[in-house]
Amino acid sequence: MADRFFPNEMPDFVPETPAEEQSTFERSGDSLTKLLSLPFNTVADALKRAAIEAKQTVVKETWGRSGRRILDYTVYTGALGTAYLLFKAYQITNNKDDLYLCSEIIKACDTVSRDSRQVTFICGRGGVYALGAVVAKHSGDVGLCDQYLTKFKEINLPKDLPNELLYGRAGFLWACSFLNKNIGRDAISSNRTRLVVDEIISSGRRLANKGRCPLMYEWHGKKYWGAAHGLAGIMHVLMDMELKPEEVEDVKGTLHFMIRNRFPSGNYPSSHGSESDRLVHWCHGASGVALTLVKAAEVFRDEEFLKAAIDAGEVVWNRGLLKRVGLCHGISGNTYVFLALYRLTGKVEFLYRAKAFACFLHDKSQRLISEGVMHGGDRPFSLFEGIGGMAYVFLDMSEPSEARFPGYEL
């Protein structure tokens, strides 16, 4: 199990030393401790510079070297993830060149994705149209924004669609919520989303079959619990929907069931009935569940959800320095747990932990990857597997109270 993560030897807390008392950002000696002792704003500025440099590398490798030809258009591992990173960079730096290039990449993704059967935000056409509409709005192109909205509204969901986030109904609903938040509350009508919610709820109740967990879902024959394919991701999306009272109770009951049936370590099974306490990822395990529990604490004002979110955060602090860099199953994704807990509680200890994970990446990832000790991702420049995700979280550290896990938190 320990071969999946680095032992977290960072102090539980390091008091900040004023920048003028620090001699340099030297990468010699105990450079990580030096980073941890710097004021947060000083570290955030350094991370932003590193993010901009990484963004340029990502653009070069995913857009420039390919001659602007797109094989993978998705947010997860493809060109749309590069566009999403550029949009984040624009939001942080107000560099219009990033917004322009973002729009160009989305247009190319639109062309490539037209025959795709995938409809979700992270892995489908829903992401192309949703991000396209929002970027067009920021660019002041009302006509293009309307075109993308129209294309989104014309998406027909296959009857055999699963319910999970990456490829299923929840992933389509997330795109709807993304549009309603960034375009306007009525961009996608509640009538449209209600039909999808009905399918998800009825499917979950049917598989649960009056069991101890009110809702249950399968993907490829497994009853997953995590954010990418299972309960955590589906519950997370449902909490942004207009639910009937009994549906609210089903969501709360499902989360309570998960909390009661977590491992003694505080981690969560990857799937129902699994006894393997190994994964502490966004996609499977405590990391993704923690983000959902933060959402539940915000929505339901339930102390059990707050405590469980903090408990899950402890698991991530102890076992979340993964030997991978990305958002889905790497340190970048796990950093968002502490940013979410900071947003929820306002406690500086969680901001420190986010800073610590980000500093670990900034200080060590390049060397560890080059030495073969850390995995740079099967798609090393992508948003969800590679340094694209690291650049994204580095940018988010500039405004930690506004930080959101891309494609998951709104």
Side-chain angles (χ1 to χ4, degrees), residues 55 58-59 62-64 66 68-157 165-167 170-189 192-193 196 237 240 382-384 388-389 391-392 395 404-410:
K55 176 208 70 178
V58 168
V59 170
T62 63
W63 182 244
S66 68
R68 302 185 178 188
R69 289 183 293 106
I70 294 174
L71 298 177
D72 179 351
Y73 72 85
T74 67
V75 166
Y76 191 84
T77 50
L80 199 62
T82 300
Y84 205 171
L85 173 60
L86 285 162
F87 184 53
K88 168 55 70 173
Y90 162 72
Q91 290 175 301
I92 296 297
T93 68
N94 203 34
N95 184 339
K96 292 290 181 67
D97 290 340
D98 286 335
L99 189 65
Y100 173 78
L101 181 55
C102 173
S103 181
E104 289 301 300
I105 294 174
I106 292 170
K107 288 175 184 177
C109 290
D110 181 18
T111 300
V112 171
S113 67
R114 285 174 185 171
D115 295 328
S116 172
R117 293 186 71 251
Q118 304 299 336
V119 299
T120 63
F121 185 88
I122 295 176
C123 291
R125 288 184 293 131
V128 177
Y129 305 148
L131 186 59
V134 172
V135 169
K137 179 184 177 182
H138 279 262
S139 302
D141 193 333
V142 176
L144 183 59
C145 179
D146 288 342
Q147 287 178 34
Y148 281 125
L149 272 176
T150 298
K151 289 180 179 180
F152 187 89
K153 292 175 182 178
E154 290 173 349
I155 291 177
N156 292 314
L157 302 189
L165 184 77
L166 257 58
Y167 299 101
F172 175 78
L173 280 183
W174 196 91
C176 295
S177 294
F178 180 80
L179 282 167
N180 285 339
K181 178 185 177 181
N182 292 285
I183 301 294
R185 288 184 59 84
D186 297 323
I188 307 299
S189 73
R192 178 73 193 274
T193 57
V196 185
V237 171
D240 281 313
S382 66
L383 187 65
F384 268 69
Y392 200 105
L395 289 168
R404 300 291 189 279
F405 191 111
Y408 197 59
E409 296 182 291
L410 285 168

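Numbers for residues simply follow the sequence, beginning at 1. When reading the values below, keep in mind they use all heavy atoms of this one structure, side chains included, and skip hydrogens, waters and symmetry mates.
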Problem - Heavy-atom check, side chain of Leu165 versus side chain of Phe121, under 4.5 Å - result: no
Practice task
Could you list the residues that satisfy side-chain contact (heavy atoms from CB on, under 4.5 Å) with Asn180, not counting sequence neighbours?
Solution key: Ala187, Ile188
Handout entry: Pair Leu383-Thr82, side chain to side chain contact (heavy atoms under 4.5 Å, CB included): steps then yes or no
Key = CA-CA 7 Å; Leu383 187 65; Thr82 300; over 6 Å; no
Problem - Side chain to side chain, Ser177 and Val237, heavy atoms closer than 4.5 Å - result: no
Problem - Flag side-chain contact, heavy atom, 4.5 Å: Glu409 against Trp174 - result: no
Handout entry: Centroid separation Tyr100 to Tyr90 less than 6.0 Å
Key = no
Practice task
Check the side chains of Tyr73 and Ser116 for a donor-acceptor pair under 3.5 angstrom, ignoring hydrogens and angles.
Solution key: yes
Exercise for the section: Flag the pair Asp240 / Leu410 as yes when at least one side-chain heavy-atom distance between them is below 4.5 Å, and no otherwise. Expected result: yes
Problem - Donor-acceptor under 3.5 Å (Lys137 side chain, Asn182 main chain) - result: yes
Practice task
Report yes if some heavy atom in the side chain of Tyr148 is under 4.5 Å from a heavy atom in the side chain of Asp110; otherwise report no.
Solution key: yes
Problem - Steps toward ring-ring contact (aromatic ring centres under 6.0 Å, His included) verdict (Phe384, Tyr392) - result: CA-CA 10 Å; Phe384 268 69; Tyr392 200 105; 9.1 Å; no
Fill in the blank from the handout: Hits for side-chain contact (heavy atoms from CB on, under 4.5 Å) against Thr77, two or more places apart or cross-chain, chain-then-number order -> Asp72, Thr74, Arg379, Ser382, Glu385
Problem - Test item: Val196 and Leu157 side chains (from C-beta on) under 4.5 Å apart, heavy atoms - result: yes
Practice task
State, with a plain yes or no, whether a side-chain heavy atom of Phe87 is found less than 4.5 Å away from one of Asp98.
Solution key: no
Problem - Heavy-atom neighbours of Arg114 CZ exceed 12 at 6.0 Å - result: yes
Problem - Greater than 12 external heavy atoms within 6.0 Å of Tyr167's OH - result: no
Side chains of residues 101-109: which donor-acceptor partners sit under 3.5 Å, not counting sequence neighbours?
none

Handout entry: Side-chain (Ser113) to main-chain (Arg125) donor-acceptor, under 3.5 angstrom
Key = no
Problem - Ring centre gap for Tyr84 and Tyr76 strictly below 6.0 Å - result: no
Exercise for the section: Decide yes or no for Phe178 and Leu131: does some side-chain heavy atom of the first lie under 4.5 Å from some side-chain heavy atom of the second? Expected result: yes
Practice task
Give the intermediate values and the outcome of side chain to side chain contact (heavy atoms under 4.5 Å, CB included) for residues Phe172 and Arg192.
Solution key: CA-CA 11 Å; Phe172 175 78; Arg192 178 73 193 274; 3.5 Å; yes
Handout entry: Within 6.0 angstrom of Asp186 CG, more than 12 heavy atoms from elsewhere
Key = no
Problem - Check against side chain to side chain contact (heavy atoms under 4.5 Å, CB included), Trp63 and Ile70 - result: CA-CA 8 Å; Trp63 182 244; Ile70 294 174; 3.9 Å; yes
